[in-house]
Amino acid sequence: NEQNGQLVEENGGLYYYVDGVLTYAGLIKLDGEYYYVNSSCKVVTGTYRITKTNDLMPVDTYIFAEDGKLIDRKMTYDEYLEWLGQQKEK
């Protein structure tokens with residue numbers, strides 16, 4: 001379910017455009033990675049409850065990295081803390 005669109009970095013965030021138009025897309029898959037584009041057309045980061053899933057994944061809370069890529073479907077809090085520690089070591 002690859003979608004025709006691109007992520008554009010502007011104003012300190014990533015935004016999703018389709019044919020040059022800012023687009024609210026919900027959960028998308030680009031180049032094999034999942035991203036969630038909120039109603040402001042911005043790619044979310046951190047812990048986020050997705051609702052517009054486009055049948056890619058169930059409605060739930062997921063964690064997205066600082067580059068917007070889906071890290072994992074729902075981690076436990078302990079798993080999140082472990083992941084956070086690993087990010088700080090990089």
Side-chain angles (χ1 to χ4, degrees):
N1 191 4
E2 299 281 331
Q3 298 190 16
N4 169 27
Q6 66 178 356
L7 301 177
V8 177
E9 196 168 336
E10 58 186 30
N11 302 322
L14 270 181
Y15 292 84
Y16 185 64
Y17 284 85
V18 175
D19 297 327
V21 178
L22 268 173
T23 304
Y24 166 42
L27 190 65
I28 59 170
K29 187 175 182 183
L30 283 177
D31 301 322
E33 299 284 353
Y34 291 97
Y35 300 85
Y36 191 79
V37 181
N38 67 16
S39 57
S40 300
C41 307
K42 186 175 181 179
V43 175
V44 303
T45 59
T47 303
Y48 200 86
R49 180 163 179 82
I50 67 167
T51 52
K52 186 174 180 178
T53 65
N54 299 314
D55 296 324
L56 292 170
M57 291 184 177
V59 170
D60 211 332
T61 301
Y62 295 87
I63 298 176
F64 296 85
E66 288 185 19
D67 63 2
K69 293 177 184 172
L70 176 70
I71 296 170
D72 198 353
R73 55 181 177 66
K74 201 164 72 170
M75 291 183 194
T76 66
Y77 187 66
D78 288 340
E79 289 171 332
Y80 174 69
L81 290 177
E82 181 181 331
W83 173 84
L84 203 56
Q86 292 168 354
Q87 298 305 302
K88 289 179 181 173
E89 291 169 9
K90 290 183 180 178

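Values reported hereafter were calculated over all heavy atoms of this structure, with side chains retained and with hydrogens, waters and symmetry mates removed.
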Under the side-chain contact (heavy atoms from CB on, under 4.5 Å) criterion, do Lys69 and Tyr35 qualify, and how do the steps go?
-> CA-CA 5 Å; Lys69 293 177 184 172; Tyr35 300 85; 3.4 Å; yes
Output, in order, the C-alpha distance, side-chain angles, deciding distance and verdict of side-chain contact (heavy atoms from CB on, under 4.5 Å) for Leu70 and Met57.
-> CA-CA 11 Å; Leu70 176 70; Met57 291 184 177; 3.3 Å; yes
Let me have the donor-acceptor pairs involving side chains of residues 40-47, under 3.5 Å, with sequence neighbours excluded, atom names and distances please.
none

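Partners of Glu66 by side chain to side chain contact (heavy atoms under 4.5 Å, CB included), not counting sequence neighbours: none found. Qualifying ring-ring contact (aromatic ring centres under 6.0 Å, His included) partners for Tyr48, counting only residues two or more places apart in sequence or in other chains: Tyr36.
Distance check: Thr53 OG1 to Asp60 CG gives 11.0 Å after rounding to the nearest 0.5 Å. Remark: Gln6 CD to Thr23 OG1 distance equals 10.5 Å, nearest 0.5 Å. Separation of atoms CD1 (Ile28) and CG (Leu7) is listed at 5.0 Å; rounding is to 0.5 Å. Between Ile50 atom CD1 and Leu56 atom CG the span is 8.0 Å, to the nearest 0.5 Å.
Val21 and Tyr24 are members of different hydrophobic clusters when ILVMFWY side chains are connected at heavy-atom separations under 4.5 Å.
Checked options Asn38, Leu22, Leu30; the residue passing with Tyr16 is Leu30 (criterion: side-chain contact (heavy atoms from CB on, under 4.5 Å)).
For the residue pair Tyr17 and Val8, the shortest heavy atom distance occurs at CD1-CG2, 3.6 Å.
Between the Asn54 side chain and the Gly26 main chain, no donor and acceptor come within less than 3.5 Å of each other.
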